[in-house]
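Letters A, B, ... mirror the listed sequences (proteins, then strands); counts begin at 1. Only heavy atoms go into these numbers, but all of them, side chains included; no hydrogens, no water, no symmetry mates. Since the structure is predicted, the reported quantities are computational estimates derived from the model, not experimental observations.
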There are 2 protein chains.
Amino acid sequence: MDSEASLRNERKRGSGVKVVYDILRDEILDLELPPGSPIDEVQLSERFGMSRTPIREALVRLAGEGLIDTLPNRSTMVSQIDFLNMHSYFDALVLMYRVTTQLAAKYHRPEDLEGVRTLQAEFADAVEAQDALAMISTNAALHLAIAEAGRNPYFTSLFSRLLNEGRRLLRLYYQSYNDRLPRRFVEEHDEIIAAIEARNTELAERLAREHAEQIVSQIQKLLMREERLDVSL
Amino acid sequence: MDSEASLRNERKRGSGVKVVYDILRDEILDLELPPGSPIDEVQLSERFGMSRTPIREALVRLAGEGLIDTLPNRSTMVSQIDFLNMHSYFDALVLMYRVTTQLAAKYHRPEDLEGVRTLQAEFADAVEAQDALAMISTNAALHLAIAEAGRNPYFTSLFSRLLNEGRRLLRLYYQSYNDRLPRRFVEEHDEIIAAIEARNTELAERLAREHAEQIVSQIQKLLMREERLDVSL
DNA sequence: TGCATATTTCTTGTCGACAAATTAAATACA
DNA sequence: TGTATTTAATTTGTCGACAAGAAATATGCA
């Protein structure tokens, strides 16, 4: 497993941290590194064929985004998904859906919508193919593109963080995405995009709110189902 | 100037980065390090009496919060205050004022209000003493305490970031705070706290919104005055 | 055997040094 | 004198090594 380490000498100076950061980030979000997994610096330095210094820098960045937890002088591990404060997450997610969509209707430029439409087409393909993992990631990319058209970096960065955490959460339950609901999401996306294009801020906000609440209520149903399973075991 | 470096040997392992991070952060927010200031790693390592490694880690964290900008292989410097996208900042600030106050009215516990009242008293003292710098920092602390009573870490962390950036911004114009307006802020704070205690979410949200818009419009007036000055020079 | 203490092992935090990238200075040339 | 190319100096990115803390293991003692 030295496919990454073998790049040792062809790496450009300064690119190491980004590579490590991106790969670890994806592995955490895809649950390849499940919550609670220990993060060993020397192990990572062997795997990526570089010293501990750049590894460490990547870990500091991940810790800054709350993806890993570091206990001083002790182990560092992938952060837990907090099921207790889930309502905080849903509150923030719904609000960001609303406000970013509203701002997109207000401030977008025509060329922004091209990228959005491309991603919407990819999302529709993923739904058609019943590829739940692709649905999750293209959905996040789509809404992030809408947020960027709203041109408020504060909202966009918070929204991005929330969508990433959601990616981790949804991956736990992606099996149940194989029903008829996603098709409704495709239609809702189309409506939202149309409202943005028409610069109808009120409608865009309302549709985004309903869309977000749909998603949240579905996740909550999944969580409750899971809880019942826990009890019955 | 080796008052910091002289602590070399009494420092506990692992505390170095936090010290450097905290000090640099304050110096940036207080404009002792104005936007655009170059950050030299070896200079800092001499000043703090430690190697470049912990300095570097502190800088990575500061970069993660957008307080410094790092160009690869080149200099790193204190990030600029972005006057062009100011409306994004105000939009986000007002929304966070509203939502955190609303959630505080909903979820606060009685003991939360003790800390809030203490900070409100400190704010009133600062206004009475016409200490603009203290007003800025106690005001931020007060609203952050309210946000924490709302118990949504996503909103609280974004709000904290916004208040910090505001601290930097306001410090540019704090002279003009020596007028009668701050007294009105004291009264508005009292009303907001009362609404929170009464768990009147709608009122709390409305008051917070008006309060935030007051502040924003005052800052905007200051900015416009400054622009006129720029033109006349 | 059961518990407290000492020792070893393992992981993290820090260090000084080196090498690559960039910038500044110096030299060559028209 | 002005511009292009080389050379030196500065600064960042990376490395290997060492030391401090904490955890695991071993030892001493009742």
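Atom pair L44(A):CG and dT12(C):C1' shows a separation of 13 Å (rounding to whole Å applied). In this entry the distance linking CG of L71(B) with C1' of dT11(D) reads 13 Å, nearest Å. We find that CD of Q43(B) is positioned 14 Å from P of dT10(D), with the value rounded to whole Å. In this structure, CD of E41(B) is placed 14 Å from P of dC15(C), rounded to the nearest angstrom. One can place CG of N73(B) at 12 Å from C1' of dA19(C), the figure rounded to the nearest angstrom. Separating the CD1 atom of I55(B) from the C1' atom of dC15(C) is a distance of 13 Å, rounded to the nearest angstrom. Counting to the nearest Å, the C1' atom of dC10(C) and the CD atom of E46(A) are 13 Å from each other. One can place CE of M77(A) at 17 Å from P of dA22(D), the figure rounded to the nearest angstrom.
Each of P72(A) and V17(A) was assigned the nucleotide of DNA chain D with the nearest heavy atom; the assignment lying further toward the 5' end belongs to V17(A). Ranked by how close their nearest DNA chain C nucleotide is to the 5' end, S75(A) and T53(A) are led by S75(A). Taking the nucleotide of DNA chain D with the nearest heavy atom to each of R52(A) and R74(B), the more 5' of the two is matched to R74(B).
Below 30°, between 30° and 60°, or above 60°: for F159(B) and Y97(B) the angle between ring planes is above 60°, a perpendicular geometry. By the 30° and 60° cut-offs, the orientation of the rings of Y107(A) relative to H87(B) is tilted.
Nearest nucleotide to the R13(A) side chain, out of dA20(C), dC15(C), dT14(D): dA20(C). Checking dG16(C), dT14(D), dT22(C) against the side-chain heavy atoms of S51(B) singles out dG16(C) as nearest. Of the candidate nucleotides dT14(D), dA22(D), dT12(D), dT12(D) has the atom nearest to the side chain of V42(B). Of the candidate nucleotides dC15(D), dA17(C), dT14(C), dC15(D) has the atom lying nearest to any side-chain atom of M50(A). Here the side chain of D40(B) is nearest to one of dG16(C), dT12(D), dT14(D), namely dT12(D).
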Candidate pair L59(B) and L62(B), rule side chain to side chain contact (heavy atoms under 4.5 Å, CB included), full reasoning: CA-CA 5 Å; L59(B) 294 183; L62(B) 288 169; 4.3 Å; yes

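In this structure, Y154(A) contributes its side chain and Y89(B) its backbone to no donor-acceptor pair below 3.5 Å. S79(A) places a side-chain N or O within 3.5 Å of a backbone atom of G66(A) that can act as its donor or acceptor partner.
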